[in-house]
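The next block holds one structure in the form of C-alpha cells; read it before the comments.
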Amino acid sequence: MPQGNKARSWLGRTSGGVCYEVTSEMTGTDYTYKQTQSDTQAQNTGVKTKNFGALDPNIKLEGYRQHTAGSVHRLLSGATDVEWVYSEVCSETASDVAVGDIGRCFIGTRQEYPLPQNHANPMMFNVPLVSRGIRVPPFPYLLYLNEATKTATNVDGSEYDEGAASVGLAYGGLAICNIYGVTGTDTYDITVQSATSSGGAFSTLATFSGVGNALGGFYSVVAVATTINRYKKVNIALASGTGLTETFKVSIMFAPFYNL
Amino acid sequence: MAATLSGEFVTVTINGTDYSQYFSEVEFKYSKDMRDQTTFNTGGAPVAKKNTEGAIVSGITMKAPFNKTLCNAMKPFIGKRTGTTVTIKGGSNNLPTTGDEQASGTFAIPEFSWPYKTGQDSDITFNWEIPDGATSPTPSISTVS
C-alpha cells in the first residue's frame, strides 16, 4: 500500500488568497533535488572532484485535470509568472500522514502547461515547476496538521525530535504554512519554534502573522547562522476574534539545511 | 565456467554506519580521464593510438526504496563539501571477508531523484560525487583486509 500510494498535497501561493489541498487530484510527482556541479581538479591530486553550486531543484506534478475552482488544473493553467508553493507529505504506511513524515516542498514557477489528450485515457496534467530563488531543504517533514475543531485560543503542537544529527544546525531552513478550508474571520499568529531539549525553552524560528482568515500558501526562510535546535514545535496563538471554533485548516512543514 | 558470484552479499557503509538494509542497488563508478598522446612515428612509420591514464573520475549511484529513516540519515551528507567515507564490499557467495572486493572513497550527495506516484514503486536514487573539499579525494578499489 504505501509505496507511492499514500500522500497528501497542498498547492497555494503567497498572494491572491489561494491554497487548497489537492490530494484527490494528484497521482504523483517527479522530484529532483540538485545542486549545480562544476568539475574541479587541484594540482597533484590526480582526482577530478566536484564543486557544488546553486540549488537547482525541479518537480513535475501529475494528476487529473479537474475543472472545479481551486483545482490544480484551474490554478496552474491560469495565472502566469506566479510563485507557487507546493507541499507534499508521503507516508510509509497505510495510515494517513503524520507529524514527522517526510516529503517534498517546492517554491517555483510554472514552466509550461501542456494539454495532452488521448481518447483512451483520462484528462491528465503533467506540469513542471522550476525553482524561483528560494532554497528549499531536502526531505522537509510535516510538523503540524490540524483539521479538527479548535476550542482553545493558544495551541501548542506536539514536539518533534529531529534526532541527534540535527543538533546545533545553523545553515538556514524553511517553514511552509498552508492555510486552507477557511470559514471564518479569526486570525492567528503561527510560529515554528525549536529547543535544545524536550520541554525546554523554545525560541521562534519562523512566524506567520495574522493568518487564518484567508487562503494562502506561505513560507518563511530561516536565515543562515540562525541556530536551529533539535526539538521543534508549532504554536498557534489567537491574534483577533473569539477563537472558539476552528475556522481554518493548517498544515505546516519544516526542514533545516544540514550543510551550506 | 559458470558464474557463481551472487550479487546479494553486499554491504554499504557510510560514515561508519552499515546502511546495507536500505539499498537495493549500488554502482561504484571508477574510470580514468584518458589523455590522447598519439604522435607521428619516426620516419613516417604507421601509427597506433597512444592513450595514457589521466585523473581518476569516480562517483556512486545508490538506489533505495523510499524509507523515511534512510532519508533522514542521508541529510547530513547532502551537499557536504568535505564529504564522508563510503565503503562498499561484496562477498563471494558469502558475507564479505578478507580478500573480497572493496570500493571506498570520500563522497557527498549533490543530487537525488525521488518519484512518488500511485501504483508504482517509489525508489530514491542518490548520486554521490567526490567534493572538492575532500581532504582525501582519491577513491580506491581494493580487497577487504
Side-chain angles (χ1 to χ4, degrees), chain A residues 2-7 9 26-42 45-53 55-60 62-63 88-93 100-104 135 137-139 141 162-166 169 171 255-260, chain B residues 15 17 29-33 53-59 65-84 105-140:
Chain A
Q3 285 285 314
N5 291 320
K6 205 70 178 176
S9 307
M26 296 294 297
T27 58
T29 47
D30 262 321
Y31 173 73
T32 298
Y33 178 96
K34 182 174 69 176
Q35 284 182 266
T36 57
Q37 298 154 53
S38 305
D39 287 331
T40 53
Q41 184 185 349
T45 62
V47 181
K48 282 189 175 290
T49 55
K50 297 283 187 183
N51 178 265
F52 302 158
L55 191 58
D56 183 26
N58 62 75
I59 195 169
K60 189 174 282 187
E62 299 176 13
E88 181 177 303
V89 189
C90 306
S91 174
E92 287 181 317
T93 71
D101 282 343
I102 63 171
R104 62 286 297 281
R135 294 173 73 231
F139 302 126
Y141 50 85
E162 194 169 335
S166 70
L169 297 177
Y171 307 115
F257 282 98
Y258 280 59
N259 293 288
L260 282 179
Chain B
N15 195 30
T17 300
K29 291 168 281 190
Y30 185 96
S31 64
K32 291 293 183 68
D33 184 25
E53 295 186 0
I56 295 171
V57 180
S58 185
F66 166 52
N67 182 288
K68 183 172 64 177
T69 303
L70 174 68
C71 294
N72 286 330
M74 292 299 103
K75 285 179 179 178
F77 313 125
I78 297 173
K80 185 177 175 61
R81 296 175 188 277
T82 53
T84 193
T106 303
F107 297 91
I109 304 170
E111 178 178 351
F112 67 84
S113 60
W114 179 19
Y116 196 88
K117 301 178 182 182
T118 54
Q120 299 181 27
D121 292 340
S122 178
D123 293 320
I124 303 180
T125 302
F126 295 96
N127 290 333
W128 296 77
E129 302 285 353
I130 304 173
D132 58 2
T135 53
S136 301
T138 307
S140 66

Counting heavy-atom pairs under 4.5 Å with chain B, which one of [options] comes out on top?
options                              : answer
A:Gln41, A:Lys34, A:Lys50            : A:Lys50
A:Asp39, A:Thr36, A:Asn259           : A:Asn259
A:Thr32, A:Leu55, A:Thr27            : A:Thr27
A:Gly53, A:Cys90, A:Ala42, A:Ser38   : A:Cys90
A:Ala255, A:Pro256, A:Pro138         : A:Pro138
A:Ala7, A:Gly100, A:Ala165, A:Gly163 : A:Gly100

So which part of [X] gets closer than 4.5 Å to some heavy atom of chain B, the side chain, the backbone, both or neither?
X        : answer
A:Thr40  : side chain
A:Tyr171 : neither
A:Asp101 : both

To the nearest 0.5 Å, what is the distance between OG1 (B:Thr69) and CD1 (A:Ile102)?
9.0 Å
To the nearest 0.5 angstrom, please state how far the OH atom of A:Tyr258 sits from the CE atom of B:Met74.
12.0 Å
Between B:Tyr116 and A:Ser91, the two heavy atoms sitting closest are OH-O, 3.3 Å
Between A:Gln35 and B:Gly79 the two heavy atoms that sit nearest each other are OE1-CA, 3.2 Å
Side chain A:Glu92, main chain B:Lys68, donor-acceptor under 3.5 Å
yes
Would you check if the side chain of A:Asn5 reaches a backbone N or O of B:Thr118 as a donor-acceptor pair within less than 3.5 Å?
no
Would you say that [X] contacts [Y] through its side chain, given a criterion of any heavy-atom pair below 4.5 Å between the two side chains?
X        : Y        : answer
B:Ile130 : A:Lys48  : no
A:Glu162 : B:Lys75  : yes
A:Asp30  : B:Lys117 : yes

Among [options], which has the most heavy-atom pairs under 4.5 Å with chain A?
options                             : value
B:Thr138, B:Asp123, B:Asp121        : B:Thr138
B:Pro137, B:Gly59, B:Gly54, B:Cys71 : B:Cys71
B:Val57, B:Ile78, B:Asn72, B:Ile109 : B:Ile78
B:Pro65, B:Ala55, B:Gly133, B:Ala73 : B:Ala55

Apply the ring pair (Phe, Tyr, Trp, His ring centres under 6.0 Å) test between B:Trp114 and each candidate in A:Phe139, A:Tyr31, A:Tyr33; give the one that qualifies.
A:Phe139
Counting only non-hydrogen atoms closer than 4.5 Å, does B:Phe126 touch chain A with its backbone (N, CA, C, O), its side chain (CB onward), both, or neither?
side chain
Heavy-atom contact with chain A under 4.5 Å, split by part of B:Asn127:
neither
